[in-house]
Amino acid sequence: MSRSAYTTPPDSEQALLERARAIAGQRFAELAEQLGEPVPAEQRHAKGWIGQLLERALGASAASLPEPDFQQLGVELKSLPLNANGLPRESTYVCTVPMNETNQLRWERSWLRLKLQRVLWIPIEADPRLPLAQRCIGNALLWSPSPGQEAMLRDDWEELMELVCLGRWEELSARHGRYLQIRPKAAHSRVLTEAHDSEGNLCRILPRGFYLRTDFTRQILEQHYAG
DNA sequence: TACTGATCATTC
DNA sequence: GAATGATCAGTA
């Protein structure tokens, strides 16, 4: 069955899962052709290509907005690149680290928690030895954090946000956090955003983002495909 | 070889 | 410039 991109978002989780099931097992050459797009020769110059292709293929609505990808459903779409052993190959970007947001002080209202309330994970074959066009799309899984997973994320988030709120930028590195980490999130290392330092003075620092470590996303896969 | 810090494309 | 989508690549 061949078709083009959806122009309307799915109206239920069930409909979204059916769309995801329809592209599972396809290679990128096939999906890209259906959507009338060339497959980039080099992923180095097309880092977000897979995510954006999947958004179009499934009818996501909020590209490049600070909203869930499927606004009506409150579902976030995440591709999950897997190495040759079927394990996550990269950490997963979640959202930016708030620099001046006073409504971000509590876990319950945090962007991170909101983003991860409901996620459609799409595993992607990402063995670097395979050309991009030949890599396969996996079976999607719709996930919400278990109480245990939410507690793990909350512990890390609170530890990290303490450093953020105290303006201790020099101490903050990707080494903090068991499952969640903070890393640069910018076009390049000269990009600066406004923040406050540990003495409360305005300063300019590299923008940061929250990332899920592969240990965490591996657990999601194990939990789902165990049974 | 895994991990951290740096980087790339696109849209608004 | 800042948000989205991420992966690259040097080095520990």
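Throughout, protein chains are lettered first and strands after them, A, B, ... in sequence-line order, and every chain is numbered starting at 1.
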Worksheet entry | nucleotides 6-12 of chain B: protein proximity per nucleotide (B base, S sugar-phosphate only, - neither; heavy atom, under 4.0 Å) | BBBS-BS
Item to complete: Look at A/R89 and C/dA6 and indicate whether a side-chain polar atom (N or O) is within less than 4.0 Å of OP1 or OP2.
Response: no
Worksheet item: Rounding to a whole Å, what distance do you find between A/D69:CG and C/dA3:P?
Response: 16 Å
Worksheet item: Measuring from A/F210:CZ to A/T96:OG1, what's the distance to the nearest 0.5 Å?
Response: 8.5 Å
Discussion item. I need the full list of side chain to side chain donor-acceptor pair (under 3.5 Å) pairs touching residues 82-92 of chain A, with sequence neighbours left out, sorted by first then second residue.
Written reply: A/S91-A/R183
Worksheet item: Between A/Y93 and C/dT4, does any side-chain N or O lie under 4.0 Å from OP1 or OP2?
Response: yes
Worksheet entry | Counterpart residues, salt bridge (Lys or Arg N to Asp or Glu O under 4.0 Å), relative to A/E13 (two or more places apart) | A/R118
Fill in: With A/W49 via ring pair (Phe, Tyr, Trp, His ring centres under 6.0 Å) - residues at least two apart
A/F28
Worksheet, complete the sentence: In this structure, CD of A/Q219 is separated from CG of A/L212 (nearest 0.5 Å) by 11.0 Å
Worksheet item: Using a cut-off of less than 4.0 Å, is there contact between a side-chain N or O of A/S79 and OP1 or OP2 of C/dA6?
Response: yes
Discussion item. Please determine whether a side-chain nitrogen of the Lys or Arg among A/R168 and A/E162 lies less than 4.0 Å from a carboxylate oxygen of the Asp or Glu.
Written reply: no
Worksheet entry | Whether A/Q117 side chain and A/L114 backbone form a donor-acceptor pair below 3.5 Å | no
Discussion item. For A/E90 and A/W49, find the nucleotide of DNA chain C closest to each by heavy atoms; which residue's nucleotide sits nearer the 5' end?
Written reply: A/W49
Item to complete: Could you check which residues of residues 156-181 of chain A get a heavy atom under 4.0 Å from DNA chain B? Sort them by number, please.
Response: A/S173, A/A174, A/R175, A/Q181
Fill in: Under the salt bridge (Lys or Arg N to Asp or Glu O under 4.0 Å) test, residues paired with A/E158 that sit two or more places apart
A/R154
Worksheet entry | Residue met sooner reading DNA chain C from 5', once A/G51 and A/P207 are mapped to nucleotides | A/P207
